[in-house]
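Below you'll find the structure, written out as structure tokens, and then a few comments.
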Amino acid sequence: MVQQEWTRIFQNKAKNLKQRDSWHLESDENIEPNKPNLGWKQYIRNTSARFTCTNCGRGWPSNRVMVVFHMRLKNSQGIVKVRRFRQNCKTCNAAPMEEPSITSENISILLENLVKKIRIKCYNERMGKRSRHFRSFDVNSPHEPAHCEACIRGICTNN
């Protein structure tokens with residue numbers, strides 16, 4: 001269900017790219033940040049999301065949710081692979097990493113910024129440097145690097 005929403009929003013945003021090219025978006029949990037395959041370009045962005053622990057039901061918001069995109073345009077076929085980094089519950093022992101729940105508004109902002117990066121990196125268009133900023137949540141506790149998959153892998157923006 002989540003992927004369908006991402007695909008629908010992406011198709012709507014990507015329709016203004018060069019008409020002869022077709023683009024599609026797919027999830028790929030094997031994407032290695034900062035290691036795109038040969039011929040692929042990378043875009044990393046953070047956003048806000050909510051998480052829910054499948055063990056205890058505890059929920060928490062985070063404004064440090066990393067999303068990595070790898071993109072390639074070859075023979076008029078554009079592919080974007082996306083990986084949304086997970087977090088786990090700080091109160092449960094051996095809690096599983098949970099998928100982020102990102103609002104439609106923030107998905108739309110992420111994908112709007114992605115399409116701008118596609119235009120820069122795949123079509124060599126000159127665009128402004130500004131990206132739309134995501135809608136953040138009120139968060140009452142600090143970011144927990146030990147419970148953030150992106151921090152554990154060294155790519156989180158929490159420096």
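- The number of heavy atoms from other shown groups lying within 6.0 Å of NZ (Lys41) does not exceed 12.
- The two residues Tyr43 and Arg45 make their nearest non-hydrogen contact at OH-CD, 2.9 Å.
- Heavy-atom minimum distance, Cys92 versus Asn55: SG-CB, 3.8 Å.
- Heavy-atom minimum distance, Met66 versus Ala150: CG-CB, 3.4 Å.
- For the atom pair Glu5 CD and Ser108 OG, the distance stands at 9.5 Å (nearest 0.5 Å).
- Formation of a donor-acceptor pair under 3.5 Å by the Asn75 side chain with backbone atoms of Gln77 is not found in this model.
- Taking every heavy atom of both residues into account, His70 and Glu32 meet most closely at CE1-O, 3.3 Å.
- Shortest non-hydrogen contact noted between Thr91 and Cys56 is OG1-SG, 4.2 Å.
- Side-chain heavy atoms closer than 4.5 Å link hydrophobic residues (I, L, V, M, F, W, Y) into clusters, and following such links, even through other members, never connects Val67 to Ile79.
- Smallest separation of non-hydrogen atoms from Gly39 and Arg72: O-CG, 3.6 Å.
- Judged by distance alone, the side chain of Thr7 and the main-chain N or O of Gln3 form a donor-acceptor pair under 3.5 Å.
- Ion pair Glu149/Arg83 flagged as a salt bridge, since at least one NZ, NE, NH1 or NH2 atom sits closer than 4.0 Å to an Asp/Glu carboxylate oxygen.
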Let me see the working for Val82 and Val68 under side chain to side chain contact (heavy atoms under 4.5 Å, CB included), right down to the final yes or no.
CA-CA 6 Å; Val82 60; Val68 176; over 6 Å; no
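- In this structure, a donor-acceptor pair under 3.5 Å is present between the side chains of Asn34 and Gln42.
- The side-chain heavy atoms of His147 and Cys89, taken from C-beta on, include no pair separated by under 4.5 Å.
- Ile118 and Trp40 fall into different hydrophobic clusters, where Ile, Leu, Val, Met, Phe, Trp and Tyr side chains are chained together by heavy-atom contacts under 4.5 Å.
- Between the side chains of Ser27 and Arg84, a donor-acceptor pair is found at a separation under 3.5 Å.
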Go through His143 and Ser62 one step at a time and tell me if the side chain to side chain contact (heavy atoms under 4.5 Å, CB included) criterion holds.
CA-CA 7 Å; His143 186 63; Ser62 176; 4.1 Å; yes
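- In the hydrophobic clustering of this structure, Val115 groups with Leu110; members are Ile, Leu, Val, Met, Phe, Trp, Tyr whose side-chain heavy atoms approach within less than 4.5 Å, directly or through other members.
- Hydrophobic clustering (side-chain heavy atoms under 4.5 Å, transitive across Ile, Leu, Val, Met, Phe, Trp, Tyr) groups Phe69 together with Ile9.
- For the pair Phe134/Asn46, a side-chain contact is recorded, criterion being any heavy-atom separation below 4.5 Å from C-beta on.
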Please determine whether side chain to side chain donor-acceptor pair (under 3.5 Å) holds for the pair Glu144 and Trp60, giving the CA-CA distance in whole Å, both sets of side-chain angles, and the decisive distance to 0.1 Å.
CA-CA 11 Å; Glu144 301 268 351; Trp60 67 96; over 6 Å; no
Please test Asn106 against Ser48 for side chain to side chain donor-acceptor pair (under 3.5 Å), starting from the C-alpha separation and ending with a verdict.
CA-CA 7 Å; Asn106 280 341; Ser48 292; 4.6 Å; no
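- Each of Val65 and Ile107 belongs to its own hydrophobic cluster when Ile, Leu, Val, Met, Phe, Trp and Tyr are linked at side-chain heavy-atom distances under 4.5 angstrom.
- Atom CZ of Arg135 has 12 or fewer heavy atoms from other residues, nucleotides or ligands within 6.0 Å.
- At least one donor-acceptor pair closer than 3.5 Å links the side chain of Asn63 to the backbone N or O of Phe137.
- Note that CZ of Phe51 is 9.5 Å distant from CE of Met97, once rounded to the nearest 0.5 Å.
- Salt bridge absent: Arg86 and Glu98 never bring a charged side-chain N and a carboxylate O closer than 4.0 Å.
- The distance from the NZ atom of Lys15 to the CG atom of Leu17 is 11.5 Å, given to the nearest 0.5 Å.
- Ring-plane geometry between Phe10 and Trp23 is classed as perpendicular, the angle between the planes exceeding 60 degrees on a 0 to 90 degree scale with a lower cut at 30.
- Listed for the Asn88 side chain is a donor-acceptor partner under 3.5 Å among the backbone atoms of Ala95.
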Would Val80 and Glu26 satisfy side chain to side chain contact (heavy atoms under 4.5 Å, CB included), going step by step from the backbone distance to the final call?
CA-CA 6 Å; Val80 177; Glu26 58 189 52; over 6 Å; no
